[in-house]
2 protein chains.
Amino acid sequence: MSQQRTPTTPTRRRGAALENAITDAAWEVLVEQGYNGFTFETIAARAGTSKPVLYRRWPQREDLLLATLARNWRPLNIPNTGGLRQDALTLLRTVNAERARTLILLRIQLADYFRETGTTFNHLRSHLRPADQTPPFARLVDRAVERGELADIRRSERVVNLPFDLVRHDMLMSMDAVPDETIVEIVDAVWLPLLGLSPHSTQTRR
Amino acid sequence: MSQQRTPTTPTRRRGAALENAITDAAWEVLVEQGYNGFTFETIAARAGTSKPVLYRRWPQREDLLLATLARNWRPLNIPNTGGLRQDALTLLRTVNAERARTLILLRIQLADYFRETGTTFNHLRSHLRPADQTPPFARLVDRAVERGELADIRRSERVVNLPFDLVRHDMLMSMDAVPDETIVEIVDAVWLPLLGLSPHSTQTRR
DNA sequence: AAAATAAGATACGCGATAGTATCTACGGGT
DNA sequence: ACCCGTAGATACTATCGCGTATCTTATTTT
């Protein structure tokens, strides 16, 4: 930290400020360079600190990785727009936006980590957060049933979760965001028909 | 090759025999250890040869990678059972079997290669093989139309390719084979209804 | 049989990274 | 002001893999 020093500007970080700076840098490195670029050398340089500082807190690479993931893990907001179609579109657009998308694509970034440790993404997820209670799309369908928009019948998880699966699939295939018209297509041409709905019976046009 | 030598047993490999042994070893290494384990050191040892032998043929790692992929790339057999449902189930089971599955999961194994080179799986695929003409499921649907099983109307690619997308998605999620009942579910509960068919109107039970 | 080719073996220098040791000096607590 | 903890800087050893040089020797060619 060869920083120009003024009487009131601290030149060293401590405690949470330091740890947050490190895990923020670690996250950037992970996203840009993947697991194999996630090295103490690179992260220390990115965070403007030195390797012993990292080792003092996280003696193993995995410790730092888990800390970094825990800091960046976010629950998904479940929209409640009053209509099933709009809920679905909003949720998928949220999933498609950068923050959530990066977490989805992490599955690929961490392939080598999973291979090394014999663990899985799902195992990691339950480690970072308690099991997500109800899958997001199941929540949307439940609400539509409550509103009387959908009949109260049993539906397979496969059908309920289909939009999320398809968007995730396309993201994994392209390693990038999905075009918005793809999202609209998945909801209107695939999912709503499978639920026995047409796109315009669920709510007025957006 | 410190091999016990008999008068008629050659101790050294040459030409295609040697190259095939190397690319076979390279493939095993790629599948087991991913792109980052794909090193000349490891492959030479696995093939029972020395690094200069590899460098003489493939001066760059990418050369050896492409040669290895070219040797193991296989076109997908399109089944023709006389019924759409059976065609679909057969095709998905083929996709789910080890050989084709490994190629699908290669997308993940090669994530670091794509990042390094700024290229993509689709680019790689068209490099290894001319563009596959008709997507497999489009072929199945075409045949069903010819047989009169399906109406001759326009269908979105999204719907036509849905089974393959969902199976691929589940494979990518689990990095493993998909249970057979998943395949049956995708075809019977999702795809055929979207095509306006019920599972048993396409053919007698399997 | 002799010559040519290249497979196989091995050694080397270099760069990157892990992990650790050591030192200086900032900054908080007393 | 003094003491202590530790941030930041730097150096070191060990390991791994890349890429190359050199040598021996099996095998094909002449």
Side-chain angles (χ1 to χ4, degrees), chain A residues 1-26 29-30 32-68 112-113 115-117, chain B residues 1-26 29-30 32-68 112-113 115-117:
Chain A
M1 299 290 282
S2 48
Q3 195 109 322
Q4 201 82 323
R5 184 177 34 173
T6 67
T8 58
T9 308
T11 63
R12 290 185 179 189
R13 298 158 298 185
R14 283 176 186 277
L18 176 61
E19 277 155 37
N20 292 341
I22 293 170
T23 49
D24 285 349
V29 167
L30 180 61
E32 288 170 22
Q33 302 183 35
Y35 178 64
N36 283 284
F38 190 86
T39 66
F40 272 40
E41 198 97 45
T42 303
I43 294 160
R46 176 70 69 102
T49 186
S50 65
K51 285 191 294 180
V53 177
L54 270 55
Y55 280 109
R56 268 176 219 135
R57 287 163 171 70
W58 303 286
Q60 315 265 355
R61 188 190 194 195
E62 181 172 24
D63 303 324
L64 178 56
L65 179 65
L66 295 179
T68 302
D112 282 352
Y113 168 72
R115 188 200 327 271
E116 274 171 30
T117 58
Chain B
M1 300 291 282
S2 46
Q3 195 109 323
Q4 202 79 324
R5 182 174 38 170
T6 67
T8 59
T9 307
T11 64
R12 290 183 180 190
R13 298 157 297 184
R14 285 176 187 275
L18 177 61
E19 276 156 37
N20 291 341
I22 293 170
T23 49
D24 286 349
V29 168
L30 179 61
E32 288 170 21
Q33 304 182 32
Y35 179 64
N36 282 284
F38 190 84
T39 67
F40 273 37
E41 198 96 41
T42 302
I43 292 158
R46 177 68 71 100
T49 187
S50 65
K51 285 190 297 179
V53 176
L54 270 55
Y55 280 107
R56 268 177 218 134
R57 289 165 171 68
W58 302 286
Q60 315 264 354
R61 190 192 195 195
E62 182 172 26
D63 302 325
L64 178 54
L65 178 65
L66 295 180
T68 303
D112 282 352
Y113 168 73
R115 188 199 327 270
E116 274 172 26
T117 58

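Keep in mind it's a predicted model, so treat the numbers as computed, not measured. Naming: A, B, ... by sequence-line order, numbering from 1 per chain.
Scored by the side-chain hydrogen bond (donor to acceptor under 3.5 Å, both in side chains) test, A:Thr42 finds A:Thr39 as partners (sequence neighbours excluded).
Nucleotide D:dC16 holds its P atom 20 Å from the CZ atom of B:Phe38, rounded to whole Å. The distance between atom CD of A:Glu19 and atom P of D:dG8, rounded to the nearest whole Å, is 11 Å. Rounded to whole angstrom, the span from the CD atom of A:Glu41 across to the P atom of D:dC12 amounts to 15 Å. For the pair B:Phe40 CZ and C:dG8 C1', the interatomic distance rounds to 16 Å; values are reported in whole Å. Atom CG in A:Asn20 sits about 16 Å away from atom C1' in D:dA7, given to the nearest Å. Counting to the nearest Å, the P atom of C:dT5 and the CG atom of B:Leu18 are 18 Å from each other. Note: CZ (B:Arg14) to C1' (C:dT5) measures 7 Å, nearest angstrom. When rounded to the nearest whole Å, the span between CD of B:Glu116 and C1' of C:dA16 equals 14 Å.
A sub-4.0 Å separation between OP1 or OP2 of C:dG8 and a side-chain N or O of B:Thr11 is absent. Within the structure, every side-chain polar atom (N or O) of B:Arg13 is placed at least 4.0 Å from both OP1 and OP2 of D:dA26. Contact annotation: A:Thr49 reaches the phosphate of D:dG8 (side-chain N/O to OP1 or OP2, under 4.0 Å).
Closest heavy-atom contact between A:Thr23 and A:Thr68: O-CG2, 3.6 Å. Counting all heavy atoms, side chain and backbone alike, B:Phe40 lies closest to B:Trp58 at CZ-O, 3.3 Å. Of all the heavy atoms in A:Arg57 and A:Val53, the pair that sits closest is NH1-O, 3.5 Å. Among all heavy-atom pairs drawn from A:Ala47 and A:Arg13, the shortest one is O-NH2, 2.8 Å.
Nearest-nucleotide positions on DNA chain C place B:Gly15 closer to the 5' end than the other of A:Asn36 and B:Gly15.
Between the side chain of A:Arg115 and the main chain of B:Glu32, a donor-acceptor pair closer than 3.5 Å is present. Formation of a donor-acceptor pair under 3.5 Å by the B:Arg61 side chain with backbone atoms of B:Phe38 is found in this model.
Residues from residues 50-62 of chain B placing a heavy atom under 4.0 Å of any atom in DNA chain C, listed by number, are B:Ser50, B:Pro52, B:Val53, B:Arg56, B:Arg57.
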